[in-house]
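Have a look at the structure below, then the notes.
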Amino acid sequence: MAEDLRLTTLRILQTERLEDLSVRRLTREVRVAPANFYNHYDSLNTLLLEIAADCLEDFATTIGHIARRSPSRHDALKRTVTHYVEFACRHTQLYRVTFGYLADSAQHLRYDAAMRRTFERLRALVAGDEFPHVESDEPELPARDTAHIGHCIFAMAHGLAGMIAHGHVDVPHETDTKIQDFVERIIDLFTHAPLGRHQATACAFGH
């Protein structure tokens, strides 16, 4: 029954909005009385947080796989952010559930642990912890900096995913290649920091 409710929720979220979900709707689809729902979950929010925790655990695992199979942090970063954006475009409502649209998510122990594990994977990627052969021209970063950069990348990926998935950025996302090209260009600009160099040069000339 719990698995039926979870699978039915995932099916609905593939074609309908998060706001269309309700306990009554789910139990009608599963063909049980609404009261039976509460034998497994204390609320619809709890069911959604369990699904979100599953997605986060998968995402953390994927980051680890990407890191181990990439030749560099730069390549791994591109692939990780692309994966994040593609997930949002393919599963927009599930993306909403997974990343910050549910009440009391920080109080849900499994969700909170999965979110922390996901971020730790991202921090490890930035730090180069999982690369057996890091390029010699990639400097080692202090632990505090890797955490800050990790937050920056997470925020950037989250913003890109939401903007592209909801059509606020003109990227044809019918094909993965278009998304990948767009994301890789942004990551290149971010990591090569041309704006920062331009500002530094401007300041030097200003004085």
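Both backbone and side-chain heavy atoms feed into the values below; hydrogens, waters and symmetry mates do not.
Between Asp181 and Arg185 no salt bridge is recorded (no basic side-chain N to carboxylate O distance below 4.0 Å). Remark: Glu120 does not engage Arg117 in a salt bridge, criterion side-chain N to carboxylate O under 4.0 Å.
Residues forming a salt bridge (Lys or Arg N to Asp or Glu O under 4.0 Å) with Arg110 (at least two apart in sequence, or on another chain): Glu50, Asp54, Glu57. By the side chain to side chain contact (heavy atoms under 4.5 Å, CB included) test, Thr118 pairs with Leu56, Phe59, Ala60, Ile63, sequence neighbours left out. By the side-chain hydrogen bond (donor to acceptor under 3.5 Å, both in side chains) test, Gln107 is found to be paired with no residue, residues two or more places apart in sequence or in another chain being considered. Taking the side chain to side chain contact (heavy atoms under 4.5 Å, CB included) definition, one finds that Asn45 meets it with Ser43, Leu49, Leu102, Ala103, sequence neighbours left out. The side chain to side chain contact (heavy atoms under 4.5 Å, CB included) search around Glu16 returns Ile12, Asp20, Arg25, not counting sequence neighbours.
Counting heavy atoms from C-beta outward, Thr82 and Ile187 have side chains that stay 4.5 Å or more apart. Residues Tyr84 and Leu160 fail the side-chain proximity criterion, which asks for heavy atoms closer than 4.5 Å. For the pair Ile164/Phe182, a side-chain contact is recorded, criterion being any heavy-atom separation below 4.5 Å from C-beta on. Counting heavy atoms from C-beta on, the side chains of His74 and Asp188 come closer than 4.5 Å. Leu26 has its side chain within reach of Thr9: a pair of non-hydrogen atoms, C-beta onward, lies under 4.5 Å apart. Using a 4.5 Å cut-off on side-chain heavy atoms (C-beta onward), Leu48 and Leu21 make contact. Using a 4.5 Å heavy-atom threshold, the side chains of Glu19 and Arg96 count as touching. Counting heavy atoms from C-beta on, the side chains of Leu44 and Leu47 come closer than 4.5 Å.
Atom-to-atom distance recorded for Arg68:CZ and His65:NE2 is 6.0 Å, nearest 0.5 angstrom. With rounding to the nearest 0.5 angstrom, the CE atom of Met115 is 7.0 Å from the OG atom of Ser105. We find the CE-CG distance between Met1 and Asn36 to be 5.0 Å, quoted to the nearest 0.5 Å. Annotation: the span from Glu29 atom CD to Arg24 atom CZ amounts to 13.5 Å, rounded to 0.5 Å.
Asp75 approaches Pro71 most closely through the heavy-atom pair OD2-CD, 3.3 Å. Closest approach of Leu18 to Leu13, counting heavy atoms only: CA-CD2, 3.9 Å. Counting all heavy atoms, side chain and backbone alike, Ile66 lies closest to Ala76 at CG2-O, 3.6 Å. Shortest non-hydrogen contact noted between Ala88 and Ala165 is O-CB, 3.4 Å. Considering every non-hydrogen atom in both Val81 and Ala157, the closest pair reads CG1-CB, 4.0 Å. Tyr95 and Gly162 get closest at one heavy-atom pair: OH-N, 3.4 Å.
Applying the ring-ring contact (aromatic ring centres under 6.0 Å, His included) test to pairs two or more places apart or on separate chains, those with a residue in residues 26-49 are Phe37-Tyr41.
Shown here is Arg11, whose CZ atom has more than 12 heavy atoms of other residues, nucleotides or ligands within 6.0 Å.
Listed for the His108 side chain is a donor-acceptor partner under 3.5 Å among the backbone atoms of Tyr111.
Under the 30°/60° scheme for interplanar angles, the aromatic rings of Phe99 and Phe87 are found to stand perpendicular.
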- Message: One pair to check against side chain to side chain contact (heavy atoms under 4.5 Å, CB included): Arg121 and Leu125. What are the steps and the verdict?
- Response: CA-CA 6 Å; Arg121 286 281 192 175; Leu125 187 157; over 6 Å; no
